[in-house]
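The model shown is predicted, which means the values in this text are computed figures rather than measured ones.
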Amino acid sequence: MAFLGTAAWRVIACRQPLSPLCRATARCYSSQSTHTTEKSVPYEKTLKQEDGLSGPTKPLPRSADVVVIGGGSLGCQTLYHLCKLGMTNVVLLERDRLTAGTTWHTAGLLWQLRPSDTEVELLAHTRNVISSELEEETGLETGWIQNGGLFIASNKQRLDEYKRLMSLGKAYGIESYVLSPAETKDLYPLMNVKDLYGTLYVPKDGTMDPAGTCTTLSRAATARGATVIENCPVTGIQVKVDDLGVKRVKAVETAHGTIQTPCVVNCAGVWATKLGKMAGVNVPLIAMHHAYVVTERIEGIQNMPNVRDHDASVYLRLQGDALSVGGYEQNPIFWDDVSDKFAFSLFDLDWDVFMQHIDGAVNRVPALEQTGIKSTVCGPESFTADHKPLMGEAPEVRGFFLGCGFNSAGMMLGGGCGRELAHWIIHGRPEKDMYGYDIRRFHHSLTNNNRWIRERSHESYAKNYSVVFPFDEPLASRNMRKDPFHQVLQEQGCVFQERHGWERPGWFNRDGPTPVLDYDYYGAYDVSKNTDYKYSDILGKEYTFDFPPHHDVIRDECLTCRNAVAVFDMSYFGKFYLSGPDAKKAADWLFTADVNKAPGSTVYTCMLNKRGGVESDLTVSRLEPSPAHLPLTPESNGDAYYLAIGGGVAQHNWSHIQAVLQDQGFHCTLIDHTEDMGMISIQGPKSRELLQEVLDSDLSNDAFPFSTHKIVNAAGHKVRAMRLSFVGEMGWELHIPKESCLPVYHAVMAAGAKYGISNAGYRAIDSLSIEKGYRHWHADLRPDDTPLEAGLAFTCKMKTSIPFLGRQALEAQKAEGLRRRIVCFTVDEKVPMFGLEAIFRNGVPVGHLRRSEFGFAIDKTIGYGYIRNPDGGVVSPDFVRSGEFTLERMGVTYKATAHLKSPFDPENKRVKGIYG
């Protein structure tokens, strides 16, 4: 069988029915003489023989402001949006022809609703570009078809998930309906609805054409001055080292010439890892086979919506008067040899693997029982460790950007992500909150760890259609980063959560240890499936949109902290030292608060981007000049600071700080001692009495006030004690050298026994912190939120004349007035909420909850969300006070009370030790 075109793929013409009787025949395709496999042919040879092409389609320029590598969905969208933002000296290099990599075989489905507000916004932009913007600009059709989308629910949990999506959609004006089985049958007469619980119908979903879309994008970009060069493989990336020792992109090499450029965008799909290696950049993704079949004509299927039957792991894409049938299985085939020279053949479709999708399709649309297969398509798709794309500037090399790893969603996310990536390149950061896609979210110890990449990427593929539950955790590649307390906490029943490689305490199980076992690939690939797996069983019980079965355990941990004392292991926090000749200048510029107080002070502050968005919240402690006593103190003859940052964002912040230091030319040293120290936080009304028995320092308010720190002795070990709280109680953090962690922990627990001390985890922290009104980074505090909008104006030194990054944006926003504002809501009814619930003011949608938990001290559900004025006006405190608010959860509305201050301890007495 010869190649069709130059896309390096095979379409196998056949006429096999989908009936069970003939499925064995499908598995035997490879034995049919008419479908013999040919030897793989290099791209270059194929192009020369079939298209008469032997070199690039255009001459290479000597230089460019940006070179985009890869002519698929993301490459074309990025190029187009760079031009839309005013760039003209930009080049796209495609090794073959546009869409010839992974884009050619995409199903092209666009669903508007996803369980992420950012993704809903990204999808909306893609839909706008594909359905109207490009055609208006070029006069060319992209192939967009608005035939609607139908999500199938075979159980209550799945329908609950869809109802959550429907409620979120109302906040964005997306039309959707939950249908009964009978209503579904009326909409889609060929569908079997006997086993349905219900469906979600989204009328304005649709289908994209990859070739039509990419062709139109490239024409629109070239009309604005861009250059698109096909048949031009990249052979190398030149990197230079500047005067500060920083690696930067210098040029792109090809067999036909070199282009000087300061910026490369890696949109190479499954080849992105290879391209990254050319520049010394780790690109953590895995290529896997993905296949679908196209049926023969089906009478009555015309104009039907696309279907996703997640529980059957199958999608049905309308293709004229036929269907494309595909899905995601738990035993996908790894594409281990992604080279320049390979071809797809009949053997690349494993029918034993694929038949589960055929079975699901026939069950859902019985007419397929007697429908033949017209063609079969198999190609590579790239998957990542957390099922999110890889975007942004690589931490290893400045000017090397990523736009890859889209987990089969590159077409539908392409427009939104292309725009954000273009904005990132031009302005230094995206407009939206793209932290979940930012390559800097991963710790550097993981991005080149093949076990972690392979296991986690497999799980992201296998769970592609799984319900997204609030308290789900991965099973793959666990125990990558463990703190010194891990074993002793595991022995006490700790149920760990995974955050960017770290095992951190989630909550404590009363029924003994629940260790996380090695990954079993869900029994695939002849790997023995774990049996009697307590941790997995507990996770399964947590799979609900109601209050989880361990709700009472979290309650007890919270109330112990409120009424007595609890200890939290927070060792996964990032722990950095900033020192050097320009450390004070750097601290003034980096941090919103004035951290240059007397040594011994600790300040809660934010770091911003130049648009005023919050890149992080953290604590900064001013240190005394001293000789090195690592890891507690760095060597410093001048200004030095200790930074404690939430572990989930530590790598991102490390890269952010380094980039700011480089861009500003500050002569500073940033040292990471995260792995060298543990950290426990002792919180609650009894914390002072307890710690006074363990520490050799006076802990009275006068001797050790709030927001201060000291080096003290704890059970004979030197530690840094900080009087801080993230739960709204009096308490201290102990930052402890690794070798001293267990002796100090045991001393604390022994002294705390008579005070009723207990371990507590991050599920308790989530509840306690929201009850007190503390922000949770990347929930109700993100890079697209400003401190003024988030109620954190007190962290900004606006009353001083000290400049800081983002100050100008905040001053402009303050002068104009806030167009959105964070608001706290409480619901008297005991109903679980988890975020994404729609917020209505006087019956009009004004936003959605970013974060929600149950507050056990006030005995109410609490949620935080940003609201806007539907008229586009200022959102003032009076606007909040004068409205009547409701929250919609899974289609049901609940009356809510709006608060401008925390409903728990609004006078902030407890953190100061004032009880009673």
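- Within the 4.5 Å cutoff, side-chain heavy atoms of Ile439 are placed close to those of Pro284.
- In this structure, Glu396 CD and Ser655 OG are separated by 8.5 Å, a value rounded to the nearest 0.5 Å.
- Closest approach of Ile286 and Arg454 over heavy atoms only: CG1-CA, 4.0 Å.
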- Would Val264 and Val252 count as a side chain to side chain contact (heavy atoms under 4.5 Å, CB included) if you check the C-alpha gap in whole Å, the side-chain angles of each, and the deciding distance to 0.1 Å? CA-CA 8 Å; Val264 164; Val252 175; 3.3 Å; yes

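- Under the 4.5 Å side-chain criterion, counting only non-hydrogen atoms from C-beta, Glu420 is not in contact with Tyr437.
- Put simply, CD on Glu141 and OG on Ser131 are 12.5 Å apart, with the number rounded to the nearest 0.5 Å.
- For the pair Ala64 and Thr261, the tightest heavy-atom approach, listed with the atom from each and the gap, is O-OG1, 3.0 Å.
- If you check the side chains of Thr207 and Asn306, you find a donor sitting under 3.5 Å from an acceptor.
- The closest donor-acceptor contact from the side chain of Thr142 to the backbone of Ile130 lies under 3.5 Å.
- Lys84 and Glu133 are joined by a salt bridge, as a carboxylate oxygen and a charged side-chain nitrogen come within less than 4.0 angstrom of each other.
- Between the side chain of Thr213 and the backbone N or O of Pro210 there is no donor-acceptor pair closer than 3.5 Å.
- At distances below 3.5 Å, at least one donor-acceptor pair connects side-chain atoms of Arg456 with backbone N or O atoms of Ala385.
- In this structure, Asn147 contributes its side chain and Gly206 its backbone to no donor-acceptor pair below 3.5 Å.
- Between the Glu253 side chain and the Gln238 main chain, no donor and acceptor come within less than 3.5 Å of each other.
- Annotation: the span from Leu285 atom CG to Thr384 atom OG1 amounts to 7.5 Å, rounded to 0.5 Å.
- Put simply, the side chain of Leu805 does not reach to within 4.5 Å of the side chain of Met607, judged on heavy atoms.
- Aromatic ring centres of His125 and His81: separated by under 6.0 Å.
- Side-chain atoms of Ile69 and Val67, non-hydrogen and from C-beta on, do get closer than 4.5 Å to each other.
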- Under the side chain to side chain contact (heavy atoms under 4.5 Å, CB included) rule, what do Leu316 and Val314 come out as? Steps first, then yes or no, please. CA-CA 7 Å; Leu316 307 173; Val314 66; 4.3 Å; yes

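- Rounding to the nearest 0.5 Å gives a distance of 11.0 Å between CE of Met288 and CG of Asn331.
- Of the possible polar contacts, none joining the Glu230 side chain to the Glu94 backbone as a donor-acceptor pair under 3.5 Å is found.
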- Task: Evaluate the criterion salt bridge (Lys or Arg N to Asp or Glu O under 4.0 Å) for residue pair Arg224 and Glu137; output intermediate values, then yes/no.
- Result: CA-CA 11 Å; Arg224 291 174 176 267; Glu137 184 173 335; 2.8 Å; yes

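- Atoms CG and SG, from Leu82 and Cys263 in turn, are 7.5 Å apart once rounded to the nearest 0.5 Å.
- In the model, Asp433 has a side-chain atom that pairs as donor or acceptor with a side-chain atom of His778 under 3.5 Å.
- Here the side chain of Gln319 pairs no donor or acceptor atom with the backbone of Val294 at under 3.5 angstrom.
- For the side chain to side chain contact (heavy atoms under 4.5 Å, CB included) test with Tyr435, the passing option among Arg782, Lys388, Arg440, Arg441 is Arg441; the others fail.
- Side-chain contact check for Glu381 and Tyr461: no donor-acceptor pair (N or O, by modelled atom type) lies under 3.5 Å.
- A pairwise comparison of heavy atoms in Asn266 and Gly276 identifies ND2-N, 3.8 Å as the closest pair.
- For Glu329 and Tyr465, the side-chain atoms include no donor-acceptor pair closer than 3.5 Å.
- Under the 3.5 Å distance criterion, with hydrogens and angles disregarded, a donor-acceptor pair is assigned to the side chains of Ser445 and His443.
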- side-chain hydrogen bond (donor to acceptor under 3.5 Å, both in side chains) between Glu615 and His652, intermediate numbers included: CA-CA 9 Å; Glu615 293 290 332; His652 172 272; 3.2 Å; yes

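- Proximity of a side-chain donor or acceptor of Lys463 to a complementary backbone N or O of His458 within less than 3.5 Å is not detected.
- Around NZ of Lys58, the count of heavy atoms belonging to other residues, nucleotides or ligands within 6.0 Å exceeds 12.
- Residues Asp663 and Arg398 are paired through a salt bridge, judged by an N-O separation under 4.0 Å between the basic side chain and the carboxylate.
- In this structure, Thr138 and Ala220 approach most closely via the heavy-atom pair CG2-CB, 3.6 Å.
- Using a 4.5 Å heavy-atom cutoff, the side chains of Cys214 and Thr99 are in contact.
- Scanning both residues, Thr78 and Val265, for their nearest heavy atoms gives CG2-CG1, 4.4 Å.
- Between the side chains of Asn128 and Ser132, at least one donor N or O lies within less than 3.5 Å of an accepting N or O.
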- Message: Working note: Glu121 + Tyr172, criterion side-chain hydrogen bond (donor to acceptor under 3.5 Å, both in side chains); need CA distance, chi angles, decisive distance, verdict.
- Response: CA-CA 8 Å; Glu121 294 171 11; Tyr172 285 97; 2.7 Å; yes

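- Among all heavy-atom pairs drawn from His500 and Leu446, the shortest one is O-CD1, 3.4 Å.
- Counting heavy atoms from C-beta outward, Val66 and Phe401 have side chains that stay 4.5 Å or more apart.
- Between Arg248 and Asp242 a salt bridge is recorded (basic side-chain N to carboxylate O distance below 4.0 Å).
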- Could you check Val234 against Met278 for side chain to side chain contact (heavy atoms under 4.5 Å, CB included), going step by step and ending with a plain yes or no? CA-CA 10 Å; Val234 171; Met278 294 179 184; 4.1 Å; yes

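- You'll find the ring centres of Phe442 and Trp452 inside the 6.0 Å limit.
- At least one donor-acceptor pair closer than 3.5 Å links the side chain of Arg127 to the backbone N or O of Lys204.
- Taking a 6.0 Å sphere around CZ of Arg219, one finds it holds 12 or fewer heavy atoms contributed by other residues, nucleotides or ligands.
- Ring centers of Phe334 and Tyr525: under 6.0 Å apart, within the cut-off.
- Looking at heavy atoms from C-beta onward, Ser218 lies in side-chain contact with Leu98 at the 4.5 angstrom threshold.
- With hydrogens and angles ignored, the 3.5 Å screen pairs a side-chain donor or acceptor of Ser73 with a backbone N or O of Gly410.
- For Ser616 and Asn653, the side-chain atoms include at least one donor-acceptor pair closer than 3.5 Å.
- Glu135 CD to Leu140 CG: the interatomic distance, rounded to the nearest 0.5 Å, is 8.5 Å.
- Ring planes of Tyr328 and Tyr315: tilted class, angle from 30 to 60°.
- Ring centroid separation for the pair His289 and Phe354 does not come in under the 6.0 Å cut-off.
- Using a 4.5 Å heavy-atom cutoff, the side chains of Val293 and Ser375 are not in contact.
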- Tell me, with the steps shown, if Arg62 and Ile259 meet side chain to side chain contact (heavy atoms under 4.5 Å, CB included). CA-CA 5 Å; Arg62 291 184 177 180; Ile259 303 175; over 6 Å; no

